[in-house]
Colleague: 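Here's a structure for you.
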Amino acid sequence: MYKQAPSRVEPLPEAVASTHTVKHFDAIIIGAGLGGLLSAAHLLQRGKHVVVVERLPHSGGRFTAKNFHGVQVSTGAVHMVPFGSSGVLSHMLRRLNVPHRLYDADVFGSFHVHGRQYRSRGLLGVARFLGPRQFAWFLRLGYLMFFRPLSAQERQLPFDLWLARHINVERNPQLVAFFASISRFALSLELSQVSTAEVVRTTKNMFRFGAPAIVEGGCGAITHQLEKIIETYDGEIMLSSEVLGIEQEQGHVTGVLVKNKTTGEELLLRAPLVVSDIGPRATNALLQQRRIKQSDVLKQKYAEDHSALARSSDDVQEAVGLKVHILSDVSLIPHKGIMYCLDTKRIAGMVQPTNSDPSLAPAGKHLLISHQVIQSNNVEEERALALADLRSMFGETFDQHCQVLTMGTYRGEWPVNRVVQGEDVQSRLQVEGLYLVGDAVKPSGYLMVEGVAQSVNNFLDLLDDLDREQARARKADRRLRRNVMSPPSRLNAVRWLWKAPGNAGKP
């Protein structure tokens, strides 16, 4: 787990402040990713004067898309929201009155194994490829995970070791591959990298909230709507602007120093509240007036830097992955959910988002996105293995009808998750007034963008707790914590046995 080191940074000298144009705000957001935009929108809704600072020339971070030959190519996400229309992100967007539509999956998933694709409408459908014996063990594991409390030792046990305790992994290869492919696709982690407790919590939430969903217009549509909301509330988004350092005085944040990458102009933004959506490593570097570069992370991983705030790479374990965007003349996945790949060397799963929203690709074309965990430092080998998997699964159809649009790697300061599932850091830092949101502070059991949204909810509750009167009220009645969203009834999970719950059957 990443541990924040004590800050020893002195405030910027008055001489520095006097040479810069100074602007005052109630809150400064560092990073215009999903977490940053959600935070800004909520603070603006509360009447705060907010500015968002983003080093890229566009908002959205890893949750937006770019038009590439008429295809909405995502910058990270696969246009999918894990908990669908009933999840945390959708609930938050409704609170903000952000227009959006999510198309929930119509299946539990399909599974590519034994050289073919098995479609499973509900959980019971996995019996088709597992067979009677492995399905019996599948039911047994379900009972152990959901109806029997985990012991203290089991909770911290890596999930692969927990599996080995309860089944013969050599005699149940498809069952093990079932769990491995879901973990690789959903968490970008091997089973050895995630605790049993985290797997159980996350799986329970997935079943209780509902089926995953594709965003109408792609994830970029949500980013654009959030930008409009921020504009409506007179918030400011400074694009192509890089934060050079975070300023503090007597242990309290006072602002940030920003450089316009286009003009070279430097501004001093003052505010008593700073929210960072760029991860703990980059945030702590800014407290030392340093900046983290992608090349430095990939080449050195802090191996040569032993300063207090820049720890070795062992302290920061990211979730890394590789995504392939494919344009096809023919449909390769016959449903609106995820195809998990159990007999591949790298690819863990694929989606065909144009099944839900055809506008994501040119008319008559199909967009497919595959995802895999990067298992080596040889990126070219990882890409070659991805192509080999695609040809193995789809045969001549892939070469005759498919075009690879992009192959993107997500690692270093641009990973799938800046901190792996279950190892996330605290939102509140030691510097008063400085908070983290995003995929490094996901509450346990909440993955991907659902975790990002819930991290913003958690930040808002921490902010509310600063009001002493509200804090006393919450101490008397915890239900008054109105931001962090609890999962729906456990009974919702029962529907997964025979179908994927959600709005898939609605027009």
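Along the sequence shown, the residues carry numbers beginning at 1.
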Colleague: Flag the pair H91 / V88 as yes when at least one side-chain heavy-atom distance between them is below 4.5 Å, and no otherwise.
Modeller: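 H91 vs V88: side chains apart.
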Colleague: Is there a side-chain contact between V379 and I374 (heavy atoms, below 4.5 Å)?
Modeller: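 Not touching, per the 4.5 Å side-chain cut-off.
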Colleague: I need the minimum non-hydrogen distance between A65 and Q72, along with the two atoms involved.
Modeller: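 In terms of heavy atoms, the two residues are closest at CB-OE1, 3.7 Å.
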Colleague: Provide the full list of side chain to side chain donor-acceptor pair (under 3.5 Å) pairs with a residue in residues 403-412, sequence neighbours left out, each pair given once.
Modeller: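 Non-adjacent pairs meeting side chain to side chain donor-acceptor pair (under 3.5 Å): H325-T406.
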Colleague: Look up atom CD in E236 and atom CG in L269, then write down how far apart they are to the nearest 0.5 Å.
Modeller: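 These two atoms lie 8.0 Å from each other.
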Colleague: Could you tell me which residues satisfy salt bridge (Lys or Arg N to Asp or Glu O under 4.0 Å) with K365, sequence neighbours excluded, listed by chain and number?
Modeller: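 Expected list: D329.
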Colleague: Residues two or more places apart in sequence or in another chain: which of them pass side-chain hydrogen bond (donor to acceptor under 3.5 Å, both in side chains) with S331?
Modeller: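 Once residues adjacent in sequence are excluded, the partners of S331 under the side-chain hydrogen bond (donor to acceptor under 3.5 Å, both in side chains) criterion are Q352.
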Colleague: Taking atom CD as the centre, does Q426 end up with more than 12 heavy-atom neighbours from other residues, nucleotides or ligands that are less than 6.0 angstrom away?
Modeller: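 It does not: Q426 CD has 12 such atoms or fewer within range.
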Colleague: In a check of salt bridge (Lys or Arg N to Asp or Glu O under 4.0 Å) between E413 and each of K293, R291, R281, R55, which one passes?
Modeller: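 With E413 as partner, K293, R291, R281, R55 yield a single salt bridge (Lys or Arg N to Asp or Glu O under 4.0 Å), made by R281.
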Colleague: Would you find more than 12 non-hydrogen atoms of other residues, nucleotides or ligands less than 6.0 Å from K261 atom NZ?
Modeller: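 More than 12 heavy atoms, drawn from other residues, nucleotides or ligands, come within 6.0 Å of this atom.
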Colleague: Identify each donor-acceptor pair in which a side-chain atom of residues 22-31 lies under 3.5 Å from a protein atom, sequence neighbours left out, and give them as a table.
Modeller:
| unit_1 | atom_1 | unit_2 | atom_2 | d |
| --- | --- | --- | --- | --- |
| D26 | OD2 | H49 | N | 2.7 |

Colleague: How far does NZ of K336 sit from CG of D106, to the nearest 0.5 angstrom?
Modeller: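 Answer rounded to 0.5 Å: 6.0 Å.
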Colleague: How close do L56 and W414 get, counting heavy atoms only, and between which atoms?
Modeller: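 Result for this residue pair: CD1-CH2, 4.0 Å.
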Colleague: Checking side chain to side chain contact (heavy atoms under 4.5 Å, CB included) against H79, which of V351, I222, L367, T354 comes through?
Modeller: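 Of all the options given, the one that passes is L367.
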Colleague: Report the residues that fulfil ring pair (Phe, Tyr, Trp, His ring centres under 6.0 Å) with Y435, sequence neighbours left out, ordered by chain and then residue number.
Modeller: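 Listed in chain order: F459.
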Colleague: Rounded to the nearest 0.5 Å, how far does CG of D104 lie from CG of N503?
Modeller: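 So the gap between those two atoms works out to 3.5 Å.
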Colleague: Name every donor-acceptor pair, under 3.5 Å, that has one atom in a side chain of residues 210-221 and the other anywhere in the protein, sequence neighbours excluded.
Modeller:
| unit_1 | atom_1 | unit_2 | atom_2 | d |
| --- | --- | --- | --- | --- |
| E216 | OE2 | Y103 | OH | 2.7 |

Colleague: Looking at V194 and Q421, what are the two nearest heavy atoms and their distance?
Modeller: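 Taking V194 first and Q421 second, the nearest heavy atoms are CG2-O, 4.4 Å.
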Colleague: Just to verify, what does H371 make a side-chain hydrogen bond (donor to acceptor under 3.5 Å, both in side chains) with, not counting sequence neighbours?
Modeller: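 H371 satisfies side-chain hydrogen bond (donor to acceptor under 3.5 Å, both in side chains) with S188, K323 once adjacent residues are dropped.
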Colleague: Rounded at 0.5 Å granularity, tell me how far CD in Q225 sits from CG in L96.
Modeller: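 That separation rounds to 11.5 Å.
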Colleague: Not counting sequence neighbours, list each pair that qualifies as a salt bridge (charged side-chain N to carboxylate O under 4.0 Å, His left out) and has a residue in residues 346-361.
Modeller: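 Listed once each, the pairs are R346-E382.
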Colleague: So, for P353 and I369, which heavy atoms are closest and what is the spacing to 0.1 Å?
Modeller: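 So the two residues come closest at CG-CD1, 4.3 Å.
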Colleague: Counting C-beta onward and ignoring hydrogens, is there a side-chain heavy-atom pair between T254 and R270 closer than 4.5 Å?
Modeller: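 Result yes, sub-4.5 Å side-chain heavy-atom pair found.
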Colleague: Taking salt bridge (Lys or Arg N to Asp or Glu O under 4.0 Å) as the definition, give me every residue that meets it alongside R46, ordered by chain and number, with sequence neighbours left out.
Modeller: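 Counting only residues at least two positions away or on another chain, R46 forms a salt bridge (Lys or Arg N to Asp or Glu O under 4.0 Å) with D464.
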Colleague: In Å and rounded to the nearest 0.5 Å, what is the CG to CG distance from N458 to L436?
Modeller: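 CG of L436 is found 11.0 Å from CG of N458.
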Colleague: Please check if atom CD in E231 has more than 12 non-hydrogen atoms from other residues, nucleotides or ligands closer than 6.0 Å.
Modeller: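 No, not enclosed.
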Colleague: State which residues pass salt bridge (Lys or Arg N to Asp or Glu O under 4.0 Å) with R101; sequence neighbours excluded, sorted by chain then number.
Modeller: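 Once residues adjacent in sequence are excluded, R101 has no partner under the salt bridge (Lys or Arg N to Asp or Glu O under 4.0 Å) criterion.
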Colleague: Which residues satisfy the salt bridge (Lys or Arg N to Asp or Glu O under 4.0 Å) test with E190, sequence neighbours excluded?
Modeller: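 Counting only residues at least two positions away or on another chain, E190 forms a salt bridge (Lys or Arg N to Asp or Glu O under 4.0 Å) with R184.
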Colleague: Would you mind listing every side chain to side chain donor-acceptor pair (under 3.5 Å) that reaches into residues 57-71, with sequence neighbours excluded?
Modeller: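 As it turns out, the side chain to side chain donor-acceptor pair (under 3.5 Å) pairs with a partner in residues 57-71, which skip direct neighbours, are S59-E227, R62-D439.
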Colleague: Would you say M80 and I338 make side-chain contact, with heavy atoms under 4.5 Å?
Modeller: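 Contact flag for M80/I338 side chains = yes.
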Colleague: Which atoms form the tightest heavy-atom contact between C402 and I326, and what is the distance?
Modeller: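 Minimum heavy-atom contact is CB-CG2, 3.8 Å.
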